[in-house]
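Start at 1 and go down the list; that is how both ligands and their atoms are numbered. Hydrogens, waters and symmetry mates play no part in the numbers below; they use all other heavy atoms, side chains included. Residues: numbered from 1 along the sequence shown.
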Amino acid sequence: MTNIRHNWTKEEILNIYNKPFMELLYEAATVHRQHHDPNTVQVSTLLSIKTGGCPEDCGYCPQAARYHTNVEGNDLMSVQQVKAQALRAKSTGSSRVCMGAAWRNVKDGEEFDQVLEMVRTINKLEMEVCCTLGMITENQAQRLAEAGLYAYNHNLDSSEEYYKEVISTRGYEDRLQTIDNVRKTNVTVCSGGIIGMGEKIEDRAGMLVALSTLNPQPESVPINALVAVEGTPLADEKPVEIWDMIRMVATARIVMPETQVRLSAGRTQMSREGQAMCFFAGANSIFAGDKLLTTPNPDVNEDMKMFEALGLNPQKPFTKKVQPQTVEAAESKFQALGEKPKWSRPDHKIERNEIAKQQSKVLK
Ligand code: SF4
């Protein structure tokens, strides 16, 4: 087993990303085989437990209330609804359920208590539970850990420099702070980003520097290809070339050898052959289900046919880490503190986000 490096520089990562394609693929596949079973791929189901109406201005996101998109908002799902969906996901080969809520940050109260109950319920189904709920405090991370949370997702999205061109309502340092809060618990970290938002290759490398220099590195890194949605500021961005996606996966694999690299949004734009090359280059996790929060995703049956054709097996739950214990609400060591943390609201505006917001006002 090689040592994990936490001191990658942007230049080194750029050199890897820009290697001749076959050389890059070979190197990434070699690292992959040293650290993982190349025929096993983890399957997660992403569930939008509270959709739309988000106060943030992420330029790629159809759930931001300020943009005019086709997304219909939904209140928080019930625990029973979530349990039914989790059982369905389990029956189709998923080992993990990731619950996403379109919130800026978690607020202590009834809704968060309901999410904690969802976490307990899914953990008892012997599935890994992940949440992506926006920014959280250390106390909230502890309460999620007690409920049996396996992973918390909070993406860095892009490099620190390009992040400011996409999101103006919160800062990069807030993202890092939430990741740090999760790290103080035994919950694993899932953090990645999106390519195809108009960023330079240097920004892709910058994002991989930010992720790979975390110590420990995230246990899971989703690589998304932008799904450009009408009404969002990034609606006119061109689809990501498959070669870029493979290069990004391969580079992530080389600099974060132990991490599960996840093919996330944008798989509907990729051929099965393209996805197979991503698996060869080190991707070993996918999101399953016909929707990824609000954007389309390949049908589960299609994915299973692809697995069969490639001789891939879905990873069993808790292969990488033991199942967390669930502490019932009544026995909890941690109480709601009702904190009102001062997450930053950076003082800058993004022109294309402002234009999309104005257009939305006209259309509404
Ligand atoms: S990505 Fe998340 S935080 Fe950003 S607008 Fe969408 S739901 Fe809100």
Side-chain angles (χ1 to χ4, degrees), residues 46-77 98-107 111-112 115 130-137 140 151-158 160 162-179 181-182 189-199 207 221-235 237 262 264-266 287 291-297 341 343-346 348-350 352-357 359-360 364:
L46 184 54
L47 205 58
S48 183
I49 58 170
K50 187 267 166 191
T51 309
C54 183
E56 299 299 275
D57 78 336
C58 309
Y60 50 80
C61 183
Q63 299 201 68
R66 64 190 70 204
Y67 309 135
H68 187 76
T69 65
N70 289 334
V71 168
E72 280 183 33
N74 280 316
D75 291 341
L76 188 62
M77 283 168 83
C98 182
M99 298 187 282
W103 289 330
R104 169 173 165 81
N105 60 290
V106 168
K107 297 190 178 95
E111 291 202 314
F112 184 44
V115 172
C130 174
C131 281
T132 180
L133 312 169
M135 297 175 287
I136 55 170
T137 63
Q140 290 164 341
Y152 194 84
N153 165 268
H154 203 59
N155 289 336
L156 290 182
D157 289 341
S158 190
E160 183 165 7
Y162 197 68
Y163 183 91
K164 297 190 190 84
E165 306 293 324
V166 180
I167 298 151
S168 77
T169 49
R170 49 160 202 266
Y172 209 68
E173 63 281 8
D174 294 318
R175 311 297 281 177
L176 293 166
Q177 182 60 57
T178 286
I179 291 172
N181 291 340
V182 174
V189 168
C190 172
S191 184
I194 308 172
I195 64 170
M197 299 194 293
E199 76 285 346
M207 180 179 87
V221 168
I223 307 284
N224 296 274
L226 176 74
V227 178
V229 178
E230 211 182 316
T232 62
L234 300 182
E237 291 296 334
R262 178 170 304 123
S264 301
F287 272 127
K291 265 199 173 169
L292 271 195
L293 296 177
T294 59
T295 53
N297 199 44
W343 301 108
S344 72
R345 286 211 178 261
H348 75 286
K349 285 204 178 348
I350 301 168
R352 62 187 170 188
N353 290 14
E354 292 303 310
I355 294 170
K357 186 171 150 190
Q359 281 168 347
S360 166
K364 271 177 186 164

S.K.: I'd like to know whether CD of Glu173 has more than 12 heavy-atom contacts from other residues, nucleotides or ligands below 6.0 angstrom.
M.R.: yes

S.K.: Looking only at protein heavy atoms, which one is nearest to atom 4 (Fe) of ligand 1, and how far off is it?
M.R.: Cys58 SG, 2.3 Å

S.K.: Under 2.8 Å from atom 4 (Fe) of ligand 1, is there any N, O or S atom belonging to Cys54?
M.R.: no

S.K.: State, without any angle test, whether Tyr60 and Asp157 hold a side-chain donor-acceptor pair at a distance under 3.5 Å.
M.R.: yes

S.K.: Can you check atom 2 (Fe) of ligand 1: any protein non-hydrogen atom closer than 4.0 Å?
M.R.: no

S.K.: With a heavy-atom distance limit of 4.0 Å, tell me whether Arg170 approaches ligand 1 through its side chain, its backbone, both, or neither.
M.R.: side chain

S.K.: Could you check whether any side-chain heavy atom of Glu230 comes within less than 4.5 Å of a side-chain heavy atom of Asn70, counting everything from C-beta outward?
M.R.: no

S.K.: Mark up the atoms of ligand 1 that fall under 4.0 Å of a heavy atom belonging to Tyr60, in ascending order.
M.R.: 1 (S)

S.K.: Are there more than 12 heavy atoms of other residues, nucleotides or ligands under 6.0 Å from atom CG of Asn74?
M.R.: yes

S.K.: Just which atoms of ligand 1 are under 4.0 Å from any heavy atom in Ala102?
M.R.: 7 (S)

S.K.: CG of Leu133 to CD of Glu111: how many Å apart, nearest 0.5 Å?
M.R.: 11.0 Å

S.K.: Please could you name the atoms of ligand 1 that Cys61 approaches to less than 4.0 Å, counting only its heavy atoms?
M.R.: 1 (S), 5 (S), 6 (Fe), 7 (S)

S.K.: What's the separation between atom NZ in Lys50 and atom CE in Met77, rounded to the nearest 0.5 Å?
M.R.: 13.5 Å

